[in-house]
Amino acid sequence: MKRRLLKTIFAAIVLVVGAAFVAPYFVGRAAESHFKALVADFDAQNSGFVVKVDSYHRGFYSSEVTLSVRPLAGMSARGSRIWGLLLGSRGTPEFKMHINHGPIALAAFAQGHISFMPVLYTAEFRGDKLPPMSILGIFKPQLYSTTYFDGSRHATITVPPGRYSVGVFGVTWEGLHLRVEGDGAYTHMRYHLNLGPVHYQARNVSTGDTYDGEIKGLTFSGTRKLAAHDFWVGQGRSLFKGGNFNINGKRTVFLKQGSGHTSLAETQDGRWLNSSGVVAQQGGTIKGWPFSRLDISESLLRIDAGAMRRLLEQMRKQTADAGDPSAGFDGMMPLLDRAFGSAQAHVSLELDAPDGRLNADARVTLDQPAPAAATSTPVPATLVDRVNVQANLDFDRKLVDSFSKYVLGGEQAQQKVGMVLDEWLKEGLLKPENPGRYQSDITYREGVLTINGHALNGPSAKPPAGKSGSPR
């Protein structure tokens, strides 16, 4: 009985050891095929440049890969300049990667990627040999990715702490860390980005003024899924950890922490996209003027998803053909019109300060084109005539007075702004809501701007109260 058990154990050990030595060959072949397929899929996206596998030396447990990246023929001068800034203007940059694929996929526990899913291969790239005068060469990014047998991937991109200076400008950063996780079907992903503190200093050669400051850090995180028209919809959150900006050693702007939230969703039938965003800043100072809260929110509803997809595809084609997404803009106007013709936009701003509050709110829609013009190519001028705006503004006079004094230039600026406000009150462009608080109702429709019932242009425009002459 014991002998039979020992034989079984010995056979199992031999099987495991044999598999450990044989499996890397097959896993290595699968890893090579998968990696080259990824490169081919990327090139098929027609992103304006081509990635080529120059060499793939497959070993038993690991492989060495050399990639080259080059722009497509016919790139515009503007695109070539951007390319030179990113990757250097001399020759074609090479990217050397190290790929592990055996014998047993314990890489699932490396680089913070903890998973019990069998690992197909891991890939690592270090950017310390990129052209030193290019943007990527300055930041020296490092990539570590894990690909699992089910096709899902985890990737981490890091930028080590560093410093760059040229002439009178210098910047120091304390690192960046980005983690992205995606499923095997490429339909869902999660991401988290953390940017450490960034410090800068500069000097104006002409005036001798000096500038310095810091951003204490930023984080972004969220989830995305692929929608019906290949849009990545989902939620995102951000955190701004504060910052300050100085001129000649004197604090000009100081910001406390702030947060943000973004959303892009599609309707159940997949026809419309709805986007929204919120930014909440928890106070700070501007040239010594304090505020306690600043909230900005926006939403854009009923974007035609199909038209938006065709518009983006046309822009991408223009980028690939001419290196410039704005090329052929006039030809994109019909798609732009269809994408946003039924959209509804809403923007609001709320500012709190020790001296009062300011609220602003605006809603924007676009009229449908007249039947005669529906088949013609829309131009910006005609689109403007179809814009409808309904806005409201209300604020405390003390808030504007203190802002003018601290930010715009002392008591003289405060007096000038006060005179303008008094003139607007006489003309009816402002109306008193409460003692010391003013309000304006603003509409723009069919090319006519109206404030508090006073048309400022168009056939019904009248001279402001107390003035004579034809309207301007």
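Just so you know, these numbers come straight off a predicted model, no measurement behind them.
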Could you tell me whether the side chain of [X] and the main chain of [Y] form a donor-acceptor pair under 3.5 Å?
| X | Y | value |
| --- | --- | --- |
| N452 | L429 | yes |
| N388 | V364 | no |
| N457 | G447 | yes |
| E214 | N244 | no |
| N204 | T207 | yes |
| N274 | R302 | yes |
| T267 | W272 | yes |
| T187 | L226 | no |
| D183 | H188 | yes |
| E298 | G277 | yes |

Parallel, tilted or perpendicular: which describes the rings of F403 and W289, with under 30° parallel and over 60° perpendicular? perpendicular
Mind checking what makes salt bridge (charged side-chain N to carboxylate O under 4.0 Å, His left out) contact with D212, not counting sequence neighbours? none
May I ask you to decide whether D355 forms a salt bridge with K405, counting only side-chain N to carboxylate O separations under 4.0 Å? no
Note: R357-D396 ion pair, threshold 4.0 Å (strictly below): no
Across all chains, not counting sequence neighbours, the side chain to side chain donor-acceptor pair (under 3.5 Å) partners of D304 are none
With a 4.5 Å cut-off on side-chain heavy atoms, are [Y] and [X] touching?
| X | Y | answer |
| --- | --- | --- |
| V198 | L218 | no |
| H346 | D361 | yes |
| L430 | R397 | no |

When you measure from the centre of the six-membered ring of F231, is the NZ or CZ of R309 closer than 6.0 Å and no more than 45° off the axis? yes
Correct closest heavy-atom pair for P290 and A353 would be O-CB, 3.7 Å
Determine the minimum heavy-atom distance between G428 and H454, stating which atoms define it. O-CD2, 3.6 Å
Indicate whether any N or O donor in one side chain lies under 3.5 Å from an N or O acceptor in the other, for S263 and Q235. yes
Side chain to side chain contact (heavy atoms under 4.5 Å, CB included), that's the test. Do L264 and T262 meet it? Break it down for me. CA-CA 7 Å; L264 180 63; T262 60; over 6 Å; no
After noting the C-alpha distance and the side-chain angles of Y438 and D394, does the key distance pass the side chain to side chain contact (heavy atoms under 4.5 Å, CB included) rule? CA-CA 5 Å; Y438 304 144; D394 60 274; over 6 Å; no
